[in-house]
Novice: 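Dropping the structure in here first, questions after.
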2 protein chains.
Amino acid sequence: MNSEDGTVTERGHLTVTSPTGRGRGDLFDPACPTRQLLDRLGGKWTSMAVKVLGDAHPGEVRFAELKRRMPGVSQKMLAQTLRSLERDSLVDRRVEAATPPRVHYRLTDLGASLTEPIAALRNWAEEHMARIDEAGLAWDRARS
Amino acid sequence: MNSEDGTVTERGHLTVTSPTGRGRGDLFDPACPTRQLLDRLGGKWTSMAVKVLGDAHPGEVRFAELKRRMPGVSQKMLAQTLRSLERDSLVDRRVEAATPPRVHYRLTDLGASLTEPIAALRNWAEEHMARIDEAGLAWDRARS
DNA sequence: CCGTATCCCACATGATACTG
DNA sequence: CAGTATCATGTGGGATACGG
């Protein structure tokens, strides 16, 4: 982010309106909800964590089990991802006081509701991504 | 959706196991369609470009007009975003030979179909992001 | 007008090591 | 077991300048 330049380089977003549509006095959409959501889901592990927790719903999943079901994730990234989801109230964290400690995670109702739009994305992806891959390869070939 | 156990092997989503059924994963899956889609939509300008082009559909939009409707985007990022979309066959590019040249962009049918799952995301975001923001602020307050 | 080529930096992610 | 701390790095993306 640039220093003291008051003008932000990013403002209006997916809620971009037609100039004639309605007079939005503000014009500046400091934080478009869709952008914010995409920023979260776009993270490398967020959607996978939601998926894994969603599959276990309404059961709880422990940290190590979560890690086991998300091959490739590091402890750091898993913890960070869960933190973020917890902060957003999408995930609930329950600590079982014991030695060693046990920590259980589950989706909140809000988090569970997210699985629906994600499912829409997944369905679209399953149906069309193969074609997109082909198109990409063809494009690469045709290029010079 | 069941609360069954087991690793996530379901085809089509954020699949995580190796194709050879190795059991526990050693490698993460690079070819999950949903992951690929999210990587694209997660880009800073992709979804906005789709939105703007979708609003204009079936009309075409020229480069400069697109840029005008996407405040904050640089020429580099706009060109790069459009290239990527074109490569994916989500966007069609038409060059009108003239001086100065005119280039028109429009969504393909495939690209237009993407607006539906995106709309699902947007609806969810508009309905719930405010609450998520609150939760984040409360969380920040509660934890020093 | 419509791009591409460079440079640059913040940041997301990964590897590793260390605690309670 | 469930994290946090630290360091290294690849890259997305912004600024700027040049070219067709």
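To find a chain, count down the sequence lines: A is the first, B the second, and so on, and within it residues start at 1.
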Novice: Which nucleotide, C:dG3, D:dG3, C:dC1, lies nearest any side-chain atom of B:Tyr105?
Specialist: C:dG3
Novice: Looking only at atom types and distance, does a side-chain atom of B:His57 sit under 3.5 Å from a main-chain N or O of B:Leu107, one as donor and one as acceptor?
Specialist: yes
Novice: Residues of residues 83-91 of chain A with any non-hydrogen atom less than 4.0 angstrom from an atom of DNA chain D: list those, numerically ordered, please.
Specialist: A:Arg83
Novice: Have a look at A:Lys76 and say if it touches a base, only the backbone sugar-phosphate, or nothing, with a 4.0 Å heavy-atom cut-off.
Specialist: base
Novice: Give the cluster check for A:Trp139 versus B:Val95: same hydrophobic cluster or not, with ILVMFWY residues linked at side-chain heavy-atom distances below 4.5 Å.
Specialist: no
Novice: What is the distance, to the nearest angstrom, from the CZ atom on A:Arg35 to the C1' atom on D:dG12?
Specialist: 12 Å
Novice: In whole angstroms, how far is the C1' atom of C:dC1 from the CZ atom of B:Arg102?
Specialist: 9 Å
Novice: Using the side-chain heavy atoms of B:Gln75, tell me which of these nucleotides is nearest: C:dT4, D:dT4, D:dG13.
Specialist: C:dT4
Novice: Could you tell me whether a side-chain N or O of A:Thr81 sits under 3.5 Å from a main-chain N or O of A:Met77, the two making a donor and an acceptor?
Specialist: yes
Novice: Any idea which of C:dG3, D:dG13, C:dC1 is nearest the B:Lys44 side chain?
Specialist: D:dG13
Novice: Under the salt bridge (charged side-chain N to carboxylate O under 4.0 Å, His left out) criterion, do A:Asp39 and B:Lys44 qualify, and how do the steps go?
Specialist: CA-CA 8 Å; A:Asp39 284 345; B:Lys44 192 165 182 180; over 6 Å; no
Novice: Measure the distance from CG on B:Leu82 to P on C:dC1 and round it to the nearest whole Å.
Specialist: 16 Å
Novice: Out of the candidates A:Arg69, A:Lys67, A:Arg62, only one should pair with A:Glu65 under the salt bridge (charged side-chain N to carboxylate O under 4.0 Å, His left out) rule; please name it.
Specialist: A:Arg69
Novice: Take atom CD of A:Gln80 and atom C1' of D:dG3, then tell me their distance rounded to the nearest Å.
Specialist: 13 Å
Novice: In whole angstroms, how far is the C1' atom of D:dT4 from the CE atom of A:Met77?
Specialist: 14 Å
Novice: Measure the distance from CZ on A:Arg93 to C1' on D:dA2 and round it to the nearest whole Å.
Specialist: 8 Å
Novice: The side chain of B:Pro101 is closest to which nucleotide in this list: D:dG20, C:dT13, D:dA2?
Specialist: D:dG20
Novice: Roughly how many Å is it from CE in A:Met70 to C1' in C:dG14, rounded to a whole number?
Specialist: 14 Å
Novice: Rounded to whole Å, how long is the line connecting atom CG of A:Leu66 with atom P of D:dA2?
Specialist: 10 Å
